[in-house]
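To start, the structure itself, in structure tokens.
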Amino acid sequence: MAFQIPRGTQDILPGEVEKWQFIENTARELCNKFQYKEVRTPIFEHTELFARGVGESTDIVQKEMYTFQDRKGRSITLRPEGTASTVRAFVEKKLFANAIQPTKLYYIGPMFRYERPQTGRFRQFVQFGVEAIGSNDPAIDAEVIALAMTLYQSVGLKKLKLIINSLGDGDSRTNHREALIAHFQPRINEFCSDCQNRLTQNPLRILDCKKDRDHELLETAPKILDYLNEDSKLYFEKVQEYLTNIGISFEVDASLVRGLDYYNHTAFEIMSDSEGFGAITTLCGGGRYNGLVEDVGGPETPGIGFALSIERLIAALEAEGVQLPLSTGVDCYLVSMGEKAKDKTVTLLHELRMAGLRAEKDYEDKKMKAQFKSADRHNARFVAVLGDEELVQNVIAIKDMETGSQENVSLEKLVSYLKERL
Ligand code: HAM
């Protein structure tokens with residue numbers, strides 16, 4: 001019987017995986033510059049964490065979690081996102097007691113959501129995310145947004161659109177919530193059953209409904225920006241001022257609602273503006289979650305972060321036709337003729353590698369010509385040819401595959417010669 005990969009998952013094979021490594025390395029380097037430190041949390045957590053953290057009324061918790069009972073009957077869930085786990089670790093490991101605050105963390109790892117797979121939407125996908133926990137300074141909002149934008153720009157994406165909104169503080173949200181209920185209640189029976197539940201649970205999410213998105217009441221719904229109190233307004237203005245000052249363009253979109261319950265104040269998404277990008281254009285989403293640390297059992301602590309999937313980033317690269325500067329290929333391929341020479345290449349190969357070169361040889365007893373073909377396939381910069389005769393003379397012939405020139409070098413000088421030329 002032949003097995004098939006589960007729906008909505010991917011094998012990332014050599015040839016493709018180099019892109020992932022490049023993006024992940026770029027993200028790590030960027031986090032180092034911005035002073036975010038890596039956190040690695042478990043792939044699974046107690047279900048209750050996500051129910052509480054992500055929110056009971058969200059699609060994620062209601063329909064998309066991979067939840068099962070372990071052998072002792074505990075309810076376990078494969079993490080659908082990284083914020084709840086990061087905040088759990090922050091609280092459980094008392095990171096709020098560290099001398100350096102805010103606590104700035106990042107993660108790269110697989111997340112799981114039982115969604116209908118389509119282009120850009122998987123059941124297992126890899127998120128890169130950051131969380132800055134412990135500061136209420138709008139400068140940190142601007143920093144987090146700048147980090148996300150800079151990652152996309154560093155890999156060569158240009159057609160990006162940043163949209164931001166403010167969901168305000170608790171008071172602003174309560175006022176807006178009441179206005180939304182008053183707005184939708186009289187005609188709520190025209191909406192889908194999910195929205196009917198959302199009316200009391202979290203009416204903001206009606207604005208984000210995929211089924212009812214064309215209903216006329218959505219157009220005329222009360223906008224959160226009109227309900228911001230003075231503090232929330234000032235906060236949002238400051239975020240915008242900082243973004244402008246650091247040269248990040250954005251649009252304010254009062255209808256931006258994020259699909260998770262924990263947000264307040266700043267919410268943002270980065271979209272691909274590229275033609276040919278699929279129906280799902282959101283590359284990245286994030287925002288502030290000032291009540292979450294408390295919800296998860298910690299002290300009152302503000303936080304903000306974002307997450308983006310590598311899958312969608314790669315899709316955006318393809319849509320824009322961006323080639324990543326990947327260095328594949330080997331520095332030197334060793335070709336041998338004769339038994340003694342072949343034995344010697346085993347030692348030489350190891351020496352080359354220990355000297356930091358990418359080196360390869362043949363392991364299939366191929367003829368000379370076929371070994372050269374292999375060197376080509378490995379995209380070799382240099383080919384070093386050793387025959388039994390050269391071995392006696394203690395030399396090796398090095399061919400520069402770019403210029404075609406060839407030179408004999410003593411065996412002791414092989415490494416230094418190549419290092420100099422590369
Ligand atoms: P989210 O909007 O649910 O937010 O997901 C963030 C990003 O993850 C999306 O913009 C998209 O790039 C990617 N993503 C989500 N679902 C899928 C999928 N099925 N297939 C491929 N990519 C997907 C969060 O997860 C929040 N935890 C973000 C956050 C961090 N907010 C504050 N801190």
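Indexing begins at 1, ligand by ligand and atom by atom, following the structure's order. FYI, the numbering just counts along the sequence from 1.
Of the options Glu81, Glu131, Arg258, Gln124, the smallest heavy-atom separation from atom 4 (O) of ligand 1 is shown by Arg258. One option in Gln127, Met271, Glu115 has a heavy atom closer to atom 5 (O) of ligand 1 than any other, and that option is Gln127.
Ligand 1 has no N or O atom lying under 3.5 Å from any N or O atom of Tyr107, backbone or side chain.
For the ligand labelled ligand 1, residue Met111 lies outside the 4.0 Å heavy-atom shell. Within the 4.0 Å heavy-atom cutoff, Gly286 counts among the residues contacting ligand 1. Distances from ligand 1 to the non-hydrogen atoms of Glu311 include no value under 4.0 Å.
Centroid-to-centroid, the aromatic rings of Phe112 and Phe122 stay 6.0 Å apart or farther. Residues Tyr262 and Tyr289 place their aromatic rings such that the two centres sit under 6.0 Å apart. Aromatic rings of Phe236 and His265 (six-membered ring for Trp) have centroids beyond the 6.0 Å cut-off, not under it. Ring centroids of Tyr66 and Tyr114 are separated by less than 6.0 Å, placing the two rings close together. Taking the six-membered ring for Trp and the full ring otherwise, Phe128 and Tyr107 have centroids separated by 6.0 Å or more.
More than 12 heavy atoms of other shown residues, nucleotides or ligands fall within 6.0 angstrom of atom NZ in Lys366. At most 12 non-hydrogen atoms from other residues, nucleotides or ligands lie less than 6.0 angstrom from CZ of Phe44. Counting heavy atoms of neighbouring residues, nucleotides and ligands inside a 6.0 Å radius, atom NZ of Lys223 exceeds 12 of them. Shown here is Phe22, whose CZ atom has more than 12 heavy atoms of other residues, nucleotides or ligands within 6.0 Å. Shown here is Arg258, whose CZ atom has more than 12 heavy atoms of other residues, nucleotides or ligands within 6.0 Å. Counted within 6.0 Å of CD1 on Ile100, heavy atoms from surrounding residues, nucleotides or ligands total 12 or fewer; the atom is thus considered open.
Of the protein's non-hydrogen atoms, Ser309 OG, 2.9 Å is the one closest to atom 22 (N) of ligand 1. Regarding atom 20 (N) of ligand 1, its nearest protein heavy-atom neighbour is Phe122 N, 3.0 Å. Looking from atom 31 (N) of ligand 1 to the surrounding protein, the closest heavy atom is Tyr263 OH, 2.5 Å. For atom 18 (C) of ligand 1, the closest non-hydrogen atom of the protein is Phe125 CD2, 3.4 Å. Among protein heavy atoms, the minimum distance from atom 21 (C) of ligand 1 is reached at Gly120 O, 3.3 Å. The protein atom (non-hydrogen) at minimum distance from atom 9 (C) of ligand 1 is Arg312 NH1, 4.0 Å. Atom 6 (C) of ligand 1 has its closest protein heavy atom at Ala307 O, 3.3 Å.
Interface atoms of ligand 1 facing Cys284, defined by a heavy-atom separation under 4.0 Å, are 10 (O). Heavy-atom proximity to Thr83, at under 4.0 Å, picks out these atoms of ligand 1: 26 (C), 27 (N), 29 (C), 30 (C), 31 (N), 32 (C), 33 (N).
Only the side chain of Tyr262 comes within 4.0 Å of ligand 1, judged by heavy-atom distances. Only the backbone of Phe306 comes within 4.0 Å of ligand 1, counting heavy atoms alone; no side-chain atom from C-beta on gets that close. Residue contacts with ligand 1 for Leu283 involve N, CA, C or O but no side-chain atom from C-beta outward (heavy atoms, distance under 4.0 Å).
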